[in-house]
Amino acid sequence: MTEASSSLDPQTRISLYRQMLRIRKFEEKTHELYKAGRLTGMSPHLCIGEEASAVGVISALNPDDYILSTHRGHGHCLAKGAEMGKMYAELFGKETGYCHGRGGSMHIADVAKGNLGANGIVGAGCPIALGAGLSIQKRHTKQVVVCFFGDAATNQGTFHEAMNMSKAFRLPIVWVCENNLYGLSTPIENVAATPTLSDRARGYNMPGVTVDGMDVEAVRAAAQEAVVRARAGEGPTLLEVKTYRYFGHGASDHRPYRTREEEQDWWKRCPVANFRRKLLSEGVTTEADLAELEQKIDAEVAAGIAFAESSPDPEPEKSTLYVYTED
Amino acid sequence: MTEASSSLDPQTRISLYRQMLRIRKFEEKTHELYKAGRLTGMSPHLCIGEEASAVGVISALNPDDYILSTHRGHGHCLAKGAEMGKMYAELFGKETGYCHGRGGSMHIADVAKGNLGANGIVGAGCPIALGAGLSIQKRHTKQVVVCFFGDAATNQGTFHEAMNMSKAFRLPIVWVCENNLYGLSTPIENVAATPTLSDRARGYNMPGVTVDGMDVEAVRAAAQEAVVRARAGEGPTLLEVKTYRYFGHGASDHRPYRTREEEQDWWKRCPVANFRRKLLSEGVTTEADLAELEQKIDAEVAAGIAFAESSPDPEPEKSTLYVYTED
Amino acid sequence: MAEKTYREAIIEAMAEEMRRDERVVLIGEDVGRFGGAMGASKGLFQEFGSDRVIDTPISEAAIIGSGLGMALTGQRPIAELMFIDFSGVCMDQILNQVAKVRYMLGGQVKVPLVIRTQAGAGKGYAAQHSQSLEAWFTHVPGLKVVMPATPRDAKGLLKSAIRDDNPVMFIEHKLLYNTKGEVPEDPDFLIPLGVAEVKREGSDLTIVSHSRQVLNCLEAAGELSRQGIEAEVIDLRTLRPMDFEAVKASVEKTGRLVSVEEGYPQCGIGAEVVARVAEHCMDSLDMPPIRIASKDSPIPFARILEQETLPSPRRIVERILAARKWTRHSQDSRLAV
Amino acid sequence: MAEKTYREAIIEAMAEEMRRDERVVLIGEDVGRFGGAMGASKGLFQEFGSDRVIDTPISEAAIIGSGLGMALTGQRPIAELMFIDFSGVCMDQILNQVAKVRYMLGGQVKVPLVIRTQAGAGKGYAAQHSQSLEAWFTHVPGLKVVMPATPRDAKGLLKSAIRDDNPVMFIEHKLLYNTKGEVPEDPDFLIPLGVAEVKREGSDLTIVSHSRQVLNCLEAAGELSRQGIEAEVIDLRTLRPMDFEAVKASVEKTGRLVSVEEGYPQCGIGAEVVARVAEHCMDSLDMPPIRIASKDSPIPFARILEQETLPSPRRIVERILAARKWTRHSQDSRLAV
Ligand SMILES: Cc1ncc(C[n+]2csc(CCOP(=O)(O)OP(=O)(O)O)c2C)c(N)n1
Ligand SMILES: Cc1ncc(C[n+]2csc(CCOP(=O)(O)OP(=O)(O)O)c2C)c(N)n1
Ligand SMILES: [Mg+2]
Ligand SMILES: [Mg+2]
């Protein structure tokens, strides 16, 4: 790592914390809404526990860099600058949502901010990231693409094709594998040839790095290194972020495939709580300041939900709008 | 390698030579027939130059082991014990061909001999090989599966899924990559992240071996090691066989993408001619014996073609036979 | 006979066939201890163990290929594809390998493989988890395509599919898993593939449908009946081979055809049904046929949009009632009011 | 105007659009220096260089995904898929990404992507290199589907496809590349997508077709004319959106419909055409519609089997002549002998 965690200035560190907390609170509320039966559709895939990945990686990007996100993508979307109101509105299926209610949680996107979209197909973002990389290469813009995917996605053919081509063409891409140990009920160690997923990079002659995904500063530092490499035209990196999803795959998943002890151990490593403690103990901020920050986020959440709730439904007669540009 | 080339007994060595020559002569005749306009359909993908791969690998197998072959599969088919007559008949589209004229060169198969078939889709044999491996594992039969594919096939998603799953499940499979440096017009080095394709194995924690594909004894020895491992339940191996196709991808390919010098250099390494010289210089056989052997093969080729030519066409009214078992 | 859910019927069919024939194995994502994303393999791992109920990586091409490779080497696999929408990532294995290998090899092999998957919308799963792609598979020679609408059919057809020596796409519907119905317990209860069933008799009009839309059609038929129109509802059950004789016999009786499906409208199952009727019994038609399908768009997420997109009993009734106005031989029509 | 081959027309269309708009790029296997497996990109690499004509690994999902990713970030890519049969290995990218992303994202993006590929049988390429899968793509909302039959159409339609802001499956036919015809040289010559063309006028019967089968239909129409039957031949050119108005107008004139396609028979383009006619102008039909397609099997290798499998002028003529016997209103039929 090029940068020790302490080298970050206080404002940046507080900002990292704020972003993680925003995600945590957004997701907690989403969970609550779903449990209360106020969201329709597939139970949202929450990223509670994985906030340091989204925030650490995306904090290493410029606003005009691109990301491709996953079915577990609320954190990525928020970290790339999305508004909570438009996100909640999308989860509620409202006309004011990012996708005008067409996409929902699994297809959330904020293209204006460089988030080219979540994806409901495991591994499907990888080939699309290649195209964004090629287009940057052709336009010589020095942008970078970050493509997120889960541990289980590394077993998809698309992952492989994308890894190979990105390296062969030296594309400015950072491949971020959010390894939360499971793909739905299946422990990755049962179905992957390599227990350490950054080892996959060895088959592509590509730098492969594993980082503690519960430490936002470590994630940011590792991402920054990869981003610098990409921006300098030195090609892609595979960054494995070791993390954990505290909740089930979806709300109906009662996690019979893992123990409560395992979960407790990971809760002890909570990226948000621990970073909070660290900031306080290192004197970077105070309880009072954090309380204020927390209140602001609570207000943002409340305002977001109010916006979503008061928004109109899409017009059913326009259900086929956006199939083609001519519509 | 467990076995020095000289450790093979004379009969085995002569048999290896005989098999290579059979393939060479079969293919030369095929080329001649195609050039003369006597074969219809896509120009056959000849394996001239790659004989040591098919023969070396398959000579390490038992008769009840399985292979999956490729669009460049005549050599595999012959080495696994197919009859020339039924093969030529298939190339001629005759009712007496292995596939009753339904498949042709690209789908040639001899299931009774364990050849589960060539494939027209690059990389498509890999997932099928997994199933053969699973079925062996379940039946505890100690059989082994060899799956052949080209260098370019290692860039397909199916290759990756199969490599990963075979290792995660310790399947009895030998993955044989016939690296002839090109996928159609494209040099593999332009489009692959790793110049040495056995390096791909590193991303799967799998033994990866590169062997001189112009030396049939070296290929056989390397294959044997992998086969022993597979049969012992120790899982798969990726074996890269470095070889060269002396002809174009198909007959209409005039190879603008490579130089005649490069081809000449590889001709100097001809697996058939060099092994012949070796057998003679080491006193394993004599010119006279080889002349006899050659004549026998010429006769087999001639008989095969005569059989094919004199065979009936499929009956057009039965064109839909074999779509379903009820047909 | 016992009242069972569609899900239970599916599980029971697999369990019975696995007991009967040890070559039958199940392979797919999370099908083992977890019991399947839809819970449609619950208990099988516990009974049959990891040799016969195999959890895979998220590698659908490898799953289908594994099924094929096992089928070619003496097993009778069932490969589960979690959502039919994921067929995109393994389509080559289905289209070019599974469906064609027997033909390409001139009959050297049989492919006793069942690909079990589930389709359909109505749960707000949005565009990539709600499709009804049965028309695609029906298009492809070499495959059989089965879509049961009831627990009884699910069991009898799945058992037949497993015993069939040809590849079968067995497509369940995600909204049906919790529906209930009588299911025979005889382990030799089978429903042959390729045979439609008249799910309701009627004399005025023929409604042809399959999978969950059969339930909508029956509901619509109830409403029509209250309005004095007796609809016959034919459940195709198997889309390939299609039991066109059953459709023809009904249309010749009623003189009117409505096809209802949940898939996309163009080149769908309805197109095939209507085209065959037009070719083979146009003279029996007293009114132009009616096709009802999803709207011509990806499936939207928002409930209000999704409901608008899908066929519903109300839409079916409305279309049929509206059609009466343009009945051709309205003089002699039984439908004319 | 100059006489050009279909291949030249394709190359010219791409070259002109690449000159006109530097956002247009071509990506695919062997499309660069080699000029494409079908020679349909010869010279482009030499003129536009490796930034705009990109040779890829054999990774079709990566090719289509690259096209999509470029389209989302300001380029106007053409992605070449060497054979339509290979769509199986990249179908998810086409079905679930390219076709749906604009809709799923509620219009946040446009997808100006052309997927150029080639289809069709007749060269003895066997089951995995001879398919006509246009019905699959036509089934999918979000895609446009174009299949030109002549060099002129190839050029005008490809240029329109490249300028279109929606994803277009542009499907060439392998047997057409060497066919010749007049091709306008005006760089602004465009043929709008979604407009069929009457390729031959006739009063007795309407034949609807597309791609290479249009040539067979024209040949059949010549033979029929010698037998006193004047067939109108409509080339759909674009299958989605389909110019049904053109079909309807013709059927209303002739009273008879024959559809001819090279794809598999069930749930094909012919099913859609016949179904629409049955729904919307059944009263105009004097005879049951006729569907002609490939036989219901994978495409066989042997020439004698392949010829048997495909539609041909002879088969078209025979089917039409046989049909005259069962003309419904044979008294007043112009076709009756
Ligand atoms: C191609 C494909 N296969 C299966 C699924 C169903 N599915 C959705 S998420 C998921 C688990 C993905 O695991 P991972 O990639 O590790 O991401 P995580 O959910 O753990 O964040 C599965 C199996 C899918 N959406 N797409
Ligand atoms: C999925 C797929 N993509 C492309 C092709 C067209 N194609 C057939 S063989 C070939 C080259 C394959 O190269 P390689 O795997 O190295 O085998 P080789 O021909 O060199 O033996 C190509 C591009 C195909 N058949 N299937
Ligand atoms: Mg995971
Ligand atoms: Mg090669």
Side-chain angles (χ1 to χ4, degrees), chain B residues 66 68 90 95 97-104 106-112 114-121 123-141 143 145 156-158 160-166 168-169 171 314 320-327, chain C residues 22-23 25 27 49-52 54-77 79 89-90 92-93 95-113 140-144 164-168 193-194 240-241:
Chain B
Y66 300 117
L68 284 124
E90 190 57 34
E95 179 62 26
Y98 273 108
C99 310
H100 301 297
R102 267 72 178 171
M106 231 177 339
H107 306 294
I108 208 151
D110 180 3
V111 176
N115 177 359
L116 300 180
N119 211 308
I121 304 294
C126 298
I128 305 172
L130 290 176
L134 280 166
S135 136
I136 292 168
Q137 203 175 53
K138 178 178 166 244
R139 291 183 280 118
H140 306 290
T141 60
Q143 289 161 286
V145 185
Q156 271 286 330
T158 47
H160 169 71
E161 296 190 7
M163 293 288 284
N164 178 65
M165 190 163 131
S166 69
F169 292 4
L171 298 178
T320 63
L321 190 63
Y322 308 125
V323 182
Y324 295 99
T325 56
E326 295 90 1
D327 295 331
Chain C
E22 67 164 25
R23 297 169 302 173
V25 300
I27 183 167
S50 63
D51 253 18
R52 297 186 60 198
I54 305 168
D55 268 337
T56 66
I58 306 190
S59 308
E60 282 81 4
I63 294 171
I64 305 299
S66 290
L68 176 53
M70 285 196 276
L72 295 178
T73 56
Q75 306 302 301
R76 304 186 71 84
V89 298
C90 55
D92 179 69
Q93 289 291 319
L95 169 72
N96 288 328
Q97 314 301 330
V98 167
K100 296 184 176 44
V101 65
R102 176 176 165 78
Y103 186 80
M104 294 188 302
L105 268 51
Q108 288 182 68
V109 294
K110 290 177 184 174
V111 183
L113 168 66
V140 180
L143 299 177
K144 297 185 178 183
D164 202 288
D165 277 338
N166 298 282
V168 179
L193 306 191
R240 180 183 261 271

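Computed over heavy atoms, backbone and side chain alike; hydrogens, waters and symmetry mates excluded. Proteins come first, then strands; the chains are lettered A, B, ... in the order of their sequence lines, and each starts at number 1.
A side-chain donor-acceptor contact under 3.5 Å links C:Gln108 to the backbone of B:Ala109.
With sequence neighbours left out, B:Gln156 forms a side-chain hydrogen bond (donor to acceptor under 3.5 Å, both in side chains) with D:Glu60.
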*Show your reasoning for whether side chain to side chain contact (heavy atoms under 4.5 Å, CB included) applies to B:Cys99 and C:Met104.*
CA-CA 7 Å; B:Cys99 310; C:Met104 294 188 302; over 6 Å; no
*Can you check side chain to side chain contact (heavy atoms under 4.5 Å, CB included) on C:Val101 and B:Ile128, steps first, answer last?*
CA-CA 11 Å; C:Val101 65; B:Ile128 305 172; over 6 Å; no
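Interatomic distance, C:Thr56 OG1 to B:Asn164 CG, rounded to the nearest 0.5 Å: 10.5 Å. Here the straight-line distance linking atom CG of C:Asp164 with atom CD of B:Glu326 works out to 5.5 Å at 0.5 Å rounding. Atom-to-atom distance recorded for C:Arg23:CZ and B:Ser135:OG is 11.5 Å, nearest 0.5 angstrom. How far CG of C:Leu72 is from OH of B:Tyr66: 9.0 Å, rounded to the nearest 0.5 Å. Summarising the geometry, atom OG1 belonging to B:Thr158 is positioned 9.0 Å from atom CD belonging to C:Gln97; distances are rounded to the nearest 0.5 Å. Remark: C:Asn166 CG to B:Asp327 CG distance equals 8.0 Å, nearest 0.5 Å.
Residue C:Ala62 comes nearest to B:Glu161 through the heavy atom pair N-OE1, 3.1 Å, listed as atom of the first residue, atom of the second, then distance. Of all heavy-atom pairs between B:Val323 and C:Gly142, the closest is CG1-N, 3.5 Å. Between C:Met70 and B:Gly131, the closest heavy-atom pair is CG-O, 3.2 Å. For C:Val140 against B:Tyr324, the heavy-atom pair with the smallest separation is O-OH, 4.3 Å. Smallest separation of non-hydrogen atoms from C:Asp55 and B:Phe169: O-CZ, 3.2 Å. In plain terms, the two heavy atoms of B:Thr325 and C:Lys110 that are nearest each other are CG2-CG, 3.8 Å.
Two residues are said to be in side-chain contact when any heavy atoms from C-beta on lie closer than 4.5 Å; C:Ser66 and B:Met165 meet this criterion. Side-chain contact between C:Thr73 and B:Arg139 is present, with at least one heavy-atom pair separated by less than 4.5 Å. Proximity of C:Asp51 to B:His140: side-chain heavy atoms (C-beta onward) are separated by under 4.5 Å at one or more points.
Only the side chain of C:Val25 comes within contact range of chain B, with at least one heavy atom under 4.5 Å from a heavy atom of that chain. There is no contact between C:Ile64 and chain B, counting heavy-atom distances below 4.5 Å. Proximity to chain B involves both the backbone and the side chain of C:Asp165, based on heavy atoms less than 4.5 angstrom apart. Within the 4.5 angstrom heavy-atom criterion, only backbone atoms of B:Leu321 (N, CA, C, O) approach chain C. Residue contact with chain B, scored on non-hydrogen atoms closer than 4.5 Å, involves the side chain of C:Ile27 exclusively. With a 4.5 angstrom heavy-atom cutoff, B:Ala168 does not touch chain C via any of its atoms.
Between chain C and the residues B:Leu116, B:Val145, B:Val111, the largest count of heavy-atom pairs under 4.5 Å involves B:Val111. In terms of heavy-atom pairs under 4.5 angstrom with chain C, the leader among B:Leu130, B:Asp110, B:Ile108 is B:Leu130. The most heavy-atom pairs under 4.5 Å with chain C, out of B:Ala162, B:Gly125, B:Ala124, come from B:Ala124.
Annotation for B:Lys138: atom NZ counts as buried by contact number, over 12 foreign heavy atoms lying within 6.0 Å.
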